[in-house]
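Note sheet for the following structure.
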Amino acid sequence: MKIAVHNLLSCGGCDPVFFLEELPEFFSQAEVVFWSKVKDEEPKILKKFPDQGIEIGFLCGAIKSAGQEEMAQVFRKKCRMVVAVGACALWGGIPGLLWAWGEGPRPVSSFISPELCIPGCPPEGPTWAACLQGLLSGQPPKPSEEPVCIECPRNRRPFRLSSFRRFPETDPEIPECYLSLGVFCAGAVTQKGCGARCLKAGYPCLGCYGPPAGLSARGERLLSALVSALVPQKASQALTRWTDPIGSLYRFDLATHPLLRKRSCQRSA
Amino acid sequence: MPPKIIGFLCEWCAARALENLAFHRPELPPGFQPLRINCTGSLELEVVTKALAQAEGVLVAGCPSGECHFKEGNLRAGLHLEALRRVLSALGEDPRRLKVLWLSAGEGERLGEEIWKFYRELSHEDRGS
Ligand code: SF4
Ligand code: SF4
């Protein structure tokens, strides 16, 4: 089975996961014909392959330059199945934060339609394994409707807030849900599947697995939930003390925000 | 193009104020599109952001403090929209594109004036940018 791997605009952290213990079974069957990170390669090498001549193409990262877009198109043409890997490829990811300052990158799915999307920053081993097995058996897993909270070990109960807090201001000994401590934990608006890795390591979820199936505007929803919990008399003060709105609400999917998409359309018009 | 304004009007006050105003057949800005909602507290922030992506201005009008039909829907809405303004500024959007107004059913004329004022502010900005 021939496979091709390429990093577009990304930190390059997704494909090293191929070396994880969970995946040798898959990769022992694979012949890597193109992997620009391992060997400096150009699109023209890929162009020599017949159309659909490569079984699976993995695209990691978002798209900003014309060269990156060309590469995505070549992948679409030459690979029978294209797999978009990681938060950058799916929603713009961390490079997507560039949109806060000007024109940023776009997700792979705004240019080509992939057969499968693997979420995460980077995707966890079990997620990879489940997705690849599903892909090869012809039944790729569907995105889950359930949030990370389902997998989270922290205690949940009703709460009111008098202020927001940043994670370093919390007491690591208190095992309560981060939202009840006033921390913007994205777990409630993030698809499960990672096994709540960060929560189990004592850190709030940043939201790298993207929205659960069917949930739109997750940033607005998280904000709405936390603001609803504020005691009205303290709310204004809490909002002025709130630092980093973008990082707390749109860390991995700013590039898909409707207001920014509109801005980029106006510029190109 | 004249600026488009989407107005979310609470049915217990602002929407009635607009109906009362309508008896006088006033002229309203050409791009003003009013929508009746159940309570400003029921307005999802997602809807407001989508409206801001479609129109130059978004007006949210609800009952004055203490007069909400659902006790504190307007109070909640005020906080949500204040929070959204912070997000808008962080996104590099002009937070003045989102206008919040508290008025009662009898204040139709004031509603009309405020819509025109908002319209002029938006037209002015359009020319400025
Ligand atoms: S919001 Fe965060 S801390 Fe709270 S239950 Fe969900 S994942 Fe856990
Ligand atoms: S807990 Fe959240 S940020 Fe951490 S891996 Fe899971 S989805 Fe990603």
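Keep in mind the model is a prediction, meaning the values are calculated, not measured. Residue numbers begin at 1 in each chain, while the letters A, B, ... track the order of the sequences.
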**Prompt:** Is the shortest distance from a Lys or Arg side-chain nitrogen in A:R106 or A:E103 to a carboxylate oxygen in the other one below 4.0 Å?
**Reply:** yes
**Prompt:** If every non-hydrogen atom of A:I118 is compared with every non-hydrogen atom of A:P123, which pair is closest and at what distance?
**Reply:** CG2-CB, 3.7 Å
**Request:** Would you name the heavy atoms of A:S109 and A:L90 that are closest together and state the gap between them?
**Result:** OG-O, 4.0 Å
**Request:** Report the C-alpha distance between B:K50 and B:E46 in whole Å, list the side-chain angles of each, state the deciding distance to 0.1 Å, and finish with yes or no for salt bridge (Lys or Arg N to Asp or Glu O under 4.0 Å).
**Result:** CA-CA 6 Å; B:K50 279 193 183 147; B:E46 172 186 11; 3.0 Å; yes
**Asked** Going by an N to O cut-off under 4.0 Å, is there a salt bridge joining A:K64 and A:E69?
**Response** no
**Item:** Interface moiety of A:S248 toward chain B, non-hydrogen atoms closer than 4.5 Å
**Value:** neither
**Message:** Taking every non-hydrogen pair under 4.5 Å, which of A:L230, A:L249, A:L239 racks up the most with chain B?
**Reply:** A:L239
**Message:** Restricting to non-hydrogen atoms, name the atom on A:C121 and the atom on A:A87 that form the minimum distance, rounded to 0.1 Å.
**Reply:** CB-CB, 4.3 Å
**Item:** Positions in residues 11-44 of chain B that reach chain A, provided some heavy atom is under 4.5 Å away
**Value:** B:E44
**Prompt:** When you check the side-chain N and O atoms of A:E220 and A:Y250, is any donor under 3.5 Å from an acceptor?
**Reply:** yes
**Message:** Are the side chains of B:E113 and B:F118 in contact, using a 4.5 Å heavy-atom criterion?
**Reply:** no
**Salt bridge flag under 4.0 Å for residues B:R97 and B:E93** = yes
**Item:** B:E107 side chain to B:S104 backbone, donor-acceptor under 3.5 Å
**Value:** yes
**Message:** Using a 4.5 Å heavy-atom cutoff, which residues in residues 161-195 of chain A come close to chain B?
**Reply:** none
N/O donor to acceptor pairs below 3.5 angstrom from side-chain atoms of residues 201-210 of chain A, sequence neighbours left out:
residue, atom, partner, partner atom, Å
A:Y209, OH, A:E124, N, 3.1
A:Y209, OH, A:T127, OG1, 2.6

**Sorted by number, residues from residues 68-81 of chain B in contact with chain A (heavy atoms, under 4.5 Å)** = B:L75, B:R76, B:L79, B:H80
**Complete:** Checked A:G219, A:S224, A:A217 vs chain B; the most non-hydrogen pairs under 4.5 Å come from A:S224
**Item:** Any A:T256 side-chain heavy atom under 4.5 Å of A:P107 side chain
**Value:** yes
**Prompt:** Is the shortest heavy-atom distance from the side chain of A:M71 to the side chain of A:L8 under 4.5 Å?
**Reply:** yes
**Message:** For a 4.5 angstrom cut-off between non-hydrogen side-chain atoms, does B:L88 reach B:L98?
**Reply:** yes
